[in-house]
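These notes concern the structure reproduced below.
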Amino acid sequence: MRLSRRTTRHLICLTSLLAFVSTPLLAQTGIDLLDAEQVRRATELSGEAGGTATVRATLDVSPSGLVQASNHRVELRYDDGKFENFEDNSALSPNNDREMGGAEGLVEWAQLFKVPADSTVVWAKVCFQRPENDLSRALDFKVRFYANEVTNKVDNPGRRGGLVYNVEGDIRSAGKHACPWLRGHIVGKELSKGLHWLGVEWDTRTMKRLAGDHYTSEDMAEVDGNGNAKHATEIRYRAIQVSPPDSSNDGWMNPRPTTPPRNSGLKAIGVRLLLEKVQAAEPETPEPPETPETDPDPESACDDGLCLLENDRFRVRARYAMPGMPGQSAGTVAAGLGGAAGLFTFGGDHPELLVRLVDDCSGSGYFKLYTGAATDADYSLAIRDTMTGDLKWFGGRGGDSIRGTL
C-alpha cells in the first residue's frame, strides 16, 4: 500500500513527538515503565509517601467561609515531626499500644487545641503510616471537631456533631507515611477563642498507624510541685461504637500513664491545624457635623459644649452613635469639673464620657488629651483651639479611651 505524501508527513511528526515525550521517562534508569507502581514511586516527594486523596464532607453545620480575614495565620501543632510509634511498631490503637488495652476495630483519637483567638480553619493535617507488611494502599478516616467539655475539672471532647470530614486516600509505598492536607469544605470552619478538640476515627484492622510522638529520655514533660506532668496538650481515645451509649465522658479515656513517671508516654498525635485570625467588623466612627464651627468667638459662652483650661481656651463638642441605632447625636454637657476637665452624657442622665486636657509643661507648647468612656457607644470629639483657630477631630470606637495631643 502506497501512502500519500500528507499521510507520510503526519506519521513522521507523530513519531518525533512520541520520541520527544518518552526520552525523559526512559532516562529514569531502573524504572519499569510498564509497572504503574514503580512509576508512582518514582514521582514521590522526599520524606512523603505521595498518594492521592478524595475527600467528602458531611456537614451538620455549614462553615460560613473566610470573611474579613486578617492574613494573620498560626499553625497549631504539638508534635516535633518525629513519630516514635513508626519505629517501635506501636500502631497507636488500643489493642497494640503498650500503655493500653482494648478491642480491635473502629477507634477514635482526639487532641486538644488551644485556639489563641477567634479564627477560621485554613487546612488540617493528619499523619498516618502504611506498615511494611500492609498490602493495601487505601487510607480512609474521618475527622470531627468537638467543643471542650469540663467534667470534675477534667477536659474531654463534647458530644459528637458538627463537621464530619470523610477522607478517602492512599499511601503509595509500604513502610512510608503521609500527612494529607485537608482542605475543601473544612476551609472556613469557625473556631472561637478557647479549647477545641480534633478527633480522628479509623479502623485499626486496615493496619494504618496514626502518627504518635512519644516522650524520650531526652525529651520528657515537665512536672509541677506535686509531680504531675505539665503536658502541652491533652489526648483522648475511645472505641466505636461507644458502649454503653450513655457511658461516662461519652467513652473517652486518657491514654497517658496514671502512675509515675507521669511525664513519659505519649506526647502528641500527628494532627495539626492552620488557622487564620478573624477580626470583627470595625464600627463606623461617627461623622463630624456637616457644618462644624469655623471661627468661634473666644468670648462667647459654651452653650453647646465644654470650655476647658484657662480663659476657656478650648471648645469641646461631642457626637455619639449608640449600638444598633442609626445616625449620630450631639452629646450633652453634664458638668464642668474644673478648668481642665468636663463630662458628657449620651442621651441619658448619667455621665458617660470624661474629657481632660493637660498642659504638656515641657515647653513644647502641646496639650495632652485624655478621655475615659463608661459606655459602649462610638463617639467623636471636635476640639477648637480658640487661640490658634485650629480644629481637631478624635474618634473612639465602642467606648474606647483616647490619648492624643493638641
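With a 4.5 Å cut-off on side-chain heavy atoms, K208 and Q129 do not count as touching. Side chains of N254 and I235 form no contact here, defined as non-hydrogen atoms less than 4.5 Å apart. Residues I402 and L369 form a side-chain contact, since some pair of their non-hydrogen atoms from C-beta on lies under 4.5 Å apart. D203 is not listed as a side-chain neighbour of F141, based on a closest heavy-atom distance of 4.5 Å or more. In this structure, the side chains of R319 and S329 stay at 4.5 Å or more apart for every pair of heavy atoms. Side-chain contact between R144 and K142 is present, with at least one heavy-atom pair separated by less than 4.5 Å. The shortest distance between side-chain heavy atoms of F86 and H177 falls below 4.5 Å. Side-chain contact between L182 and V167 is present, with heavy atoms from C-beta onward closer than 4.5 Å.
L112 CG to H231 NE2: the interatomic distance, rounded to the nearest 0.5 Å, is 12.5 Å. From M220, atom CE reaches atom CG of N263 across 4.0 Å, with rounding to the nearest 0.5 Å. Rounding to the nearest 0.5 angstrom, the gap separating the CG atom in L391 from the CZ atom in R317 is 9.5 Å. Rounded to the nearest 0.5 Å, atoms CG (L308) and CD1 (I383) are 8.0 Å apart. Going from atom OG1 of T120 over to atom CG of L191 covers 8.5 Å, rounded to the nearest 0.5 Å. Separating the CG atom in L343 from the CG atom in L353 is a distance of 8.0 Å, to the nearest 0.5 Å.
The main-chain N or O of L210 is found under 3.5 Å from a side-chain atom of N85 such that the two form a donor-acceptor pair. Under the 3.5 Å distance criterion, the side-chain polar atoms of R256 are matched with a main-chain donor or acceptor of L266. No donor-acceptor pair under 3.5 Å is formed between the side chain of N249 and the backbone N or O of W252. In this structure, the side chain of S136 engages the main chain of A138 through a donor-acceptor pair within 3.5 Å. Of the possible donor and acceptor atoms, none in the side chain of N226 sits under 3.5 Å from a partner among the backbone N and O of N228. Of the possible donor and acceptor atoms, one in the side chain of S119 sits under 3.5 Å from a partner among the backbone N and O of A117. Checking side-chain atoms of E84 against main-chain N and O of H214 turns up a donor-acceptor pair under 3.5 Å. Between the side chain of D118 and the main chain of K193, a donor-acceptor pair closer than 3.5 Å is present. In this structure, the side chain of Q111 engages the main chain of I269 through a donor-acceptor pair within 3.5 Å. Side chain of K277 to main chain of P116: no donor-acceptor pair is present (N/O by atom type, distance under 3.5 Å, no hydrogens or angles).
Taking each heavy atom of S380 and W393 in turn, the nearest pair found is OG-CZ3, 4.2 Å. In terms of heavy-atom proximity, Y146 sits nearest to G158 at CD2-O, 3.2 Å. For the residue pair Y379 and S401, the shortest heavy atom distance occurs at OH-CA, 4.0 Å. Between A174 and P131, the shortest heavy-atom contact is CB-O, 3.5 Å. Contact between F83 and G270 at its shortest, heavy atoms only, is CE2-CA, 3.9 Å.
Under the side chain to side chain contact (heavy atoms under 4.5 Å, CB included) criterion, R313 pairs with F367, D385, T386, M387, T388, sequence neighbours left out. With sequence neighbours left out, the side chain to side chain contact (heavy atoms under 4.5 Å, CB included) criterion links A340 to L309.
For D349, the CG atom counts as loosely surrounded, since its 6.0 Å shell holds 12 or fewer non-hydrogen atoms of other residues, nucleotides or ligands. Annotation: K82, atom NZ; neighbour count of heavy atoms from other residues, nucleotides and ligands within 6.0 Å does not exceed 12.
Taking the ring centroids of Y320 and F346, they lie under the 6.0 Å cut-off.
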Using the ring pair (Phe, Tyr, Trp, His ring centres under 6.0 Å) rule, take Y78 and F113 through it: C-alpha gap first, then chi angles, then the decisive distance, then the call.
-> CA-CA 9 Å; Y78 300 100; F113 286 87; 5.6 Å; yes
Starting from the C-alpha separation in whole Å, work towards a yes-or-no answer on side chain to side chain contact (heavy atoms under 4.5 Å, CB included) for R356 and V358.
-> CA-CA 7 Å; R356 183 170 179 242; V358 180; 3.6 Å; yes
Side chain to side chain contact (heavy atoms under 4.5 Å, CB included) between E234 and W197: does it pass, once the steps are laid out?
-> CA-CA 9 Å; E234 290 296 326; W197 295 81; 3.7 Å; yes
CA sep, side-chain torsions, deciding dist, call: L381, V316, side chain to side chain contact (heavy atoms under 4.5 Å, CB included) | CA-CA 7 Å; L381 295 175; V316 184; 4.3 Å; yes
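Considering K176, R137, M207 as possible partners of R130, the one that fulfils the side chain to side chain contact (heavy atoms under 4.5 Å, CB included) test is R137. Of the candidates D79, D219, T216, K267 forms a side-chain hydrogen bond (donor to acceptor under 3.5 Å, both in side chains) with just one, namely D219.
Salt bridge R238/D250: present, at least one basic N to carboxylate O contact under 4.0 Å.
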